[in-house]
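Beneath this line is the structure, given in structure tokens, with notes to follow.
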Amino acid sequence: MHKITIAIDGYSSTGKSTVAKQLADWLEYVYIDTGAMYRAVTLYAMENGFISEEKFDKKALIKKLSEIHLEFKKSSPTAKAEIFLNGKNVESEIRTLDVSEFVSPIATVSEVRKKLVEQQQRMGSEKGVVMDGRDIGTIVLPKAELKIFMNASAEQRAKRRYDELTERGDQVTFKDVLKNVQERDHIDTTRKDSPLRKADDAIEIDNSEMNLEDQFHIILQLAKDRIAGRV
């Protein structure tokens with residue numbers, strides 16, 4: 001079967017990763033979670049004291065970038081790929097609100113973006129890939145055959161994130177989660193290097209009032225049409 005490359009961009013907590021995983025599973029494509037890569041670098045920066053509420057030592061982080069090794073591994077053929085930072089599985093650690101607080105500032109560092117974009121482009125060089133993030137359709141995979149841009153209201157996205165965190169047992173308030181979502185939106189859309197924006201040829205999907213099943217079937221049909229050459 002003819003294979004394509006699929007780029008899914010959008011704001012935080014729009015369900016990019018969820019639908020990208022579903023799509024990759026259904027199509028038997030490789031899924032690459034670029035957000036997890038930035039979160040892993042953020043975790044490394046936090047663990048090494050490069051970033052905190054009081055400071056952000058960009059120079060120290062840049063000097064250590066060559067020592068950051070990221071890879072995705074599956075524990076079994078049917079399991080989802082999880083991210084490893086320097087040989088350690090950090091899939092759970094990178095999903096905390098603490099990491100979320102600092103991931104956007106880390107992502108504004110040009111040297112970090114350059115390192116990760118190069119890795120992502122290598123991963124996406126083969127067809128049969130679904131990749132999600134902030135700049136996939138605009139910077140990482142500008143020639144992707146299908147580009148999706150996902151959007152939803154900040155309040156709806158904060159509610160989803162709040163539910164996810166509290167269900168996991170994290171002690172957070174909706175107010176703090178909403179503040180984090182709004183701050184990330186501002187940083188992601190105004191940064192100088194690869195700001196979040198919709199690619200000219202991307203299809204925008206606002207899922208504020210859409211459930212996961214409906215969203216998946218809409219995007220799956222778009223993918224089927226591209227694969228069949230109907231669009």
Side-chain angles (χ1 to χ4, degrees), residues 7-21 24 31-53 56-58 60-62 64-65 67-74 79-121 123-124 130-136 139-140 150 157-158 160-162 164-165 167-170 172 176-177 179-189 191 193-196:
I8 302 179
D9 290 305
Y11 290 87
S12 66
S13 300
T14 48
K16 299 184 300 294
S17 297
T18 300
V19 76
K21 289 172 193 169
Y31 166 62
I32 299 167
D33 181 355
T34 65
M37 297 172 75
Y38 284 98
R39 284 176 171 272
V41 173
T42 302
L43 180 65
Y44 178 89
M46 292 167 67
E47 289 179 339
N48 286 275
F50 300 147
I51 193 166
S52 66
E53 293 285 355
F56 181 13
D57 192 341
K58 292 183 187 179
L61 173 60
I62 291 165
K64 291 287 187 178
L65 283 178
E67 297 180 16
I68 299 175
H69 302 288
L70 305 176
E71 57 185 329
F72 289 95
K73 292 181 186 176
K74 287 186 174 186
K80 78 180 186 77
E82 297 186 321
I83 194 161
F84 283 68
L85 168 63
N86 294 338
K88 179 190 174 188
N89 187 329
V90 293
E91 188 67 34
S92 295
E93 293 172 69
I94 65 169
R95 305 296 175 185
T96 64
L97 189 58
D98 286 343
V99 171
S100 296
E101 291 285 351
F102 298 119
V103 68
S104 287
I106 292 288
T108 64
V109 180
S110 295
E111 290 82 358
V112 171
R113 299 201 69 81
K114 185 172 183 290
K115 176 186 175 76
L116 296 190
V117 167
E118 285 173 356
Q119 289 187 25
Q120 292 156 11
Q121 287 177 329
M123 293 173 179
V130 182
M131 192 179 294
D132 75 283
R134 300 289 194 283
D135 59 354
I136 310 305
I139 302 295
V140 182
M150 295 176 62
R157 289 184 285 126
R160 291 170 186 164
R161 185 81 177 122
Y162 174 77
E164 178 188 331
L165 290 169
E167 193 175 303
R168 203 174 65 185
D170 289 10
V172 296
D176 285 343
V177 175
K179 182 170 176 279
N180 173 250
V181 165
Q182 292 169 330
E183 286 175 348
R184 289 184 68 187
D185 287 354
H186 177 72
I187 294 172
D188 291 344
T189 55
R191 67 184 180 219
D193 194 357
S194 307
L196 170 65

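With hydrogens and angles disregarded, no donor-acceptor distance shorter than 3.5 Å links the side chain of Arg39 to the backbone of Thr42. Formation of a donor-acceptor pair under 3.5 Å by the Asp9 side chain with backbone atoms of Asp135 is found in this model.
In this structure Ala45 satisfies the side chain to side chain contact (heavy atoms under 4.5 Å, CB included) test together with Phe50, Ile51, Leu61, Ile106, sequence neighbours excluded. Lys21 pairs by the salt bridge (Lys or Arg N to Asp or Glu O under 4.0 Å) definition with nothing, not counting sequence neighbours. Annotation: side-chain hydrogen bond (donor to acceptor under 3.5 Å, both in side chains) contacts of Glu164 (sequence neighbours excluded): Arg161. Not counting sequence neighbours, the partners of Lys114 by the side chain to side chain contact (heavy atoms under 4.5 Å, CB included) test are Glu118. Under the rule for a side-chain hydrogen bond (donor to acceptor under 3.5 Å, both in side chains), Gln121 has no partner lying at least two apart in sequence or in another chain. Listed by chain and residue number, Asp188 satisfy the side-chain hydrogen bond (donor to acceptor under 3.5 Å, both in side chains) test with Arg134 (two or more places apart in sequence, or in another chain). Partners of Asp132 by salt bridge (Lys or Arg N to Asp or Glu O under 4.0 Å), not counting sequence neighbours: none found. The side chain to side chain contact (heavy atoms under 4.5 Å, CB included) search around Asn86 returns Tyr44, His69, not counting sequence neighbours. With sequence neighbours excluded, no residue satisfies salt bridge (Lys or Arg N to Asp or Glu O under 4.0 Å) with Asp57. The side chain to side chain contact (heavy atoms under 4.5 Å, CB included) search around Ala158 returns Phe174, Val177, Leu178, Val181, not counting sequence neighbours. Considering only residues two or more places apart in sequence or on other chains, Asp98 meets the side-chain hydrogen bond (donor to acceptor under 3.5 Å, both in side chains) condition with none of them.
At a threshold of 4.5 Å between non-hydrogen side-chain atoms, the residues Leu70 and Leu85 count as touching.
Residue pairs that meet the salt bridge (charged side-chain N to carboxylate O under 4.0 Å, His left out) test with at least one member in residues 81-90, sequence neighbours left out, are Lys88-Glu93.
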